[in-house]
Structure formats: C-alpha cells, structure tokens
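Here is the structure we will look at, set down as structure tokens.
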Protein chains: 2
Amino acid sequence: MNDIFYDILNRVKEKGYKLTPQRKAVVLAILNHDHMHLNTEEIYALVKEEYPKIGLATVYRTLIVLDELDVITKMNFDDGCIRYEINSETHQHHHLICRNCGKVIEVMEDLLDDIEAMVEEKYQFKIIDHNLKIYGLCKHCLDNQ
Amino acid sequence: MNDIFYDILNRVKEKGYKLTPQRKAVVLAILNHDHMHLNTEEIYALVKEEYPKIGLATVYRTLIVLDELDVITKMNFDDGCIRYEINSETHQHHHLICRNCGKVIEVMEDLLDDIEAMVEEKYQFKIIDHNLKIYGLCKHCLDNQ
DNA sequence: TAAAAAATGTCATTCATTGTCCATATCTCC
DNA sequence: GGAGATATGGACAATGAATGACATTTTTTA
C-alpha cells in the first residue's frame, strides 16, 4: 500500500506537478477506500475530515491531474456523476451492475482476449484500454423477489 | 425501415402512451440517423427542421419514454452528454472509441459468451444487458501520426 | 360535444463541473 | 536555509445538460 502511495507521489512529481498536501490527501483518501467507486463529493467529504480547509474545486482539479497521469480511471455508472477507481495494472476488471439495487460488483477475470485480438486485426485498432459493464440482477435481488 | 418505425409506434401505443406528432418526429429523426449516436440537442435540432414548434423539454421527455420502452439505449462516450441509439435485437454491438480523434466505431461481433457464462455461474448474476467500450487509436490516426 | 386525462411549450431551477482571480505555498537554485 | 519564479489553492461566479412547474393545448372517452 505504501509502495503504491509513494509511487503515485513520484509520478505526480515527475510530470512537473507540485506535491501539495491537498494532492497527497486526495490520493490517500482514494487509496484508503479502494473498490468503493467514490465520486468527487464523497472524496471531498473524506479529505475534509483530515484537511478541513480544502475546497471542492481543488478536489476536482486534483482528480483531473490524477486521471491525466493514469493514476485513476473515470467510471460512469449512469447515476449522474463520475466515479473513480485506482488503476492497478495487475487487475484489469469489469463491473456487474444490478438493475434492481444498483450494487456494483467487480469481476477480476478478464476474458476479453478473443475479442481484443479480433478488433486489433479486423478493425486495425490499437487497443489502449477497455471498459465492460454488465447489467442484470445480483444474487441477493434474485433470491428476495 | 418502415417496419421498424411502425413497430416502435405500436410499442408506444401499447404501453399506454399517446402517439403524438412530436413523438413520431423524434422517432423518425433517430431512425433516419442510425449509427450516428445523436445526443438530445442534436435530435432536437433535427426534429425542429420538420416540426419547428417543438420544445427541448419535449424531446428530453420523449427520449425518457423511448428508453423506458427499450426502443433506444443510452450511451455514454464521456463527452459530457448522453447519446442514444436504436435497439435492434439482432445486432448486439460494441464500440471502439479513438482516444485521438474521438471517432466511434461499431463492432458487430459479440464474442462475450465466455465471460457471460462465467459471470452467470460464478457470480450468480442474471445478465440482462452489457456495454463494452474499447479505447485506443483508430486506423486513420495510427497512419497519420 | 363536453369533461377528464395526458402531453406540450415555456420558463425557471437544479446540480455536477469548470473558469476566474488573487493570495499563498512549493520547488529550484544559490 | 532563504529568496524568487511560478504553479496551486480557495472562494465564488459561471456554464451547461437535464429536470421540474405550470398554464395551455391536444387527445380520449363517455
């Protein structure tokens, strides 16, 4: 965890951005709540606990920087705001979204090799990233209906 | 094409919604510009040519109805607005999005059977729909850089 | 044809996100 | 460690997509 933290701070510095306590606090908040798909307001609230002076716009701006540096990825779960998650190279994952309760489940298996090979060959498209959302009903909602 | 048009009108009627000229005009505009991923403002502009009196809110409301009836699907290409496409049951497709020029390419092949089977079994998740976006560089941008 | 129900058009409002401005903090170089 | 150049933060205004409110118009049904 600490390794990831300092690696991110280094990346910020290397790209010419300054290491301010506000940026550190935002990175920490996201790291400490991984897999929670926080939106900007939620990150703002968390950072405010430790750093009450921070402004909402600063959080927005920091997230733009972190997205640019590939530290985080924007996620859209169609709930009217952008949510973020840490980019860990090792776990390319997908999301199951329950149409009933809205819960988001992460699927760690990739299984997109076939389709990616086909796309690169047939469409001559150089793939950088992908985003798969699967909508349906989660186990809990299936059992309780 | 006409079949699809009248099929949609029937579906609107069957569900108890009224067949107003405004709704017909919105459906026609979308049908006549399939695969163009129009957003609400663009649809509004198109409908206005034929039906200048229509208001923007009516277009928004009509799109909500059509989405509810599964006539169209909301698409989010991360450009700050919702875009729509016709639901044709026969062509479940994915999207390639060029990170350089922003072009959206449709991929007609599905190839998600493996992962869907795994999800249904391992996660006990009843799949209704899916949405796959692949980001990268299109052939044109690769050639011209 | 009239009353009831639903839909439209206009306009105001919401809310996430971004821009502006100036004081302040950070980093570099000495 | 300290000064100076410059990026950054905080506060607030502004933007823009989307929705709400409401009076008016259209459609349905008796």
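- Taken over five-pair windows at either terminus, the axes of the helix from dT1(C)-dA30(D) to dC30(C)-dG1(D) are inclined to one another by 40° (rounded to 10 degrees).
- Here the P atom of nucleotide dG9(D) and the OH atom of Y44(A) are 14 Å apart, to the nearest Å.
- The ring of H37(B) has its center closer than 6.0 angstrom to the ring center of F77(B).
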Give every pair of a protein N or O atom and an N or O atom of nucleotides 3-6 of chain C that lie under 3.5 Å apart, one pair per line with the distance.
{"from": "dA6(C)", "atom 1": "O4'", "to": "K18(B)", "atom 2": "NZ", "distance (Å)": "2.9"}

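- A 4.5 Å side-chain heavy-atom check between L132(B) and I115(A) finds at least one atom pair inside the cut-off.
- Pairs passing the salt bridge (charged side-chain N to carboxylate O under 4.0 Å, His left out) check and including a residue from residues 97-120 of chain B, sequence neighbours excluded, read K122(A)-E109(B).
- Distance N39(A) CG to dC15(C) P: 14 Å, rounded to the nearest Å.
- Annotation: side chain to side chain donor-acceptor pair (under 3.5 Å) contacts of Y44(A) (sequence neighbours excluded): K48(A).
- Contact annotation: Y60(A) reaches the phosphate of dT17(C) (side-chain N/O to OP1 or OP2, under 4.0 Å).
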Working for side chain to side chain contact (heavy atoms under 4.5 Å, CB included), residues H94(B) and I134(B): CA-CA 8 Å; H94(B) 315 307; I134(B) 298 179; 5.7 Å; no

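- For K24(A), the salt bridge (charged side-chain N to carboxylate O under 4.0 Å, His left out) test picks out no residue, with sequence neighbours left out.
- The closest side-chain heavy-atom distance from L137(A) to F125(B) is not below 4.5 Å.
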side-chain hydrogen bond (donor to acceptor under 3.5 Å, both in side chains) evaluation trace for H140(B) with Q124(A): CA-CA 9 Å; H140(B) 183 265; Q124(A) 299 282 304; over 6 Å; no

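- Within residues 71-79 of chain B, no residue has any heavy atom under 4.0 Å from DNA chain D.
- Between the C1' atom of dT26(D) and the CG atom of L19(B) lies a distance of 14 Å, rounded to the nearest Å.
- Within the structure, the salt bridge (charged side-chain N to carboxylate O under 4.0 Å, His left out) test picks out no pair touching residues 66-77 of chain B (sequence neighbours left out).
- The CD atom of E14(A) sits 14 Å away from the P atom of dC27(C) (whole-angstrom rounding).
- Every pair passing salt bridge (charged side-chain N to carboxylate O under 4.0 Å, His left out) that includes a residue from residues 11-23 of chain A is listed here, sequence neighbours excluded: D7(A)-R11(A).
- Atom-to-atom, CG of D67(A) to P of dT17(C) comes out at 12 Å; the value is rounded to the nearest Å.
- Here dA7(C) presents its P atom at 14 Å from NZ of K13(B), a figure rounded to the nearest Å.
- Annotation: of the two residues near DNA chain D, T40(B) and T20(A), the 5′-most nearest-nucleotide partner is T20(A).
- K24(A) places its NZ atom 15 Å from the P atom of dT8(D), with the value rounded to the nearest Å.
- Within 4.0 Å (heavy atoms only), Y51(A) reaches sugar-phosphate atoms of the nucleic acid but no base atom.
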Y84(B)/T40(B) under side chain to side chain contact (heavy atoms under 4.5 Å, CB included): CA gap, chis, key distance, verdict: CA-CA 8 Å; Y84(B) 296 91; T40(B) 312; 3.7 Å; yes

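- Residues passing the side chain to side chain donor-acceptor pair (under 3.5 Å) test with E42(A) are R83(A), sequence neighbours excluded.
- At dT26(D), none of the side-chain N or O atoms of Q22(B) fall inside 4.0 Å of OP1 or OP2 (strictly under the cut-off).
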Are any protein N/O atoms closer than 3.5 Å to N/O atoms in nucleotides 11-14 of chain D? If there are, list each pair with its distance.
none

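- Residues satisfying the salt bridge (charged side-chain N to carboxylate O under 4.0 Å, His left out) test with D129(B), not counting sequence neighbours, are none.
- For the salt bridge (charged side-chain N to carboxylate O under 4.0 Å, His left out) condition, the pairs that include at least one residue of residues 135-145 of chain A, sequence neighbours left out, are K139(A)-D143(A).
- When the C1' atom of dC15(C) is taken as reference, atom CD1 of I82(B) falls 14 Å away, rounded to whole Å.
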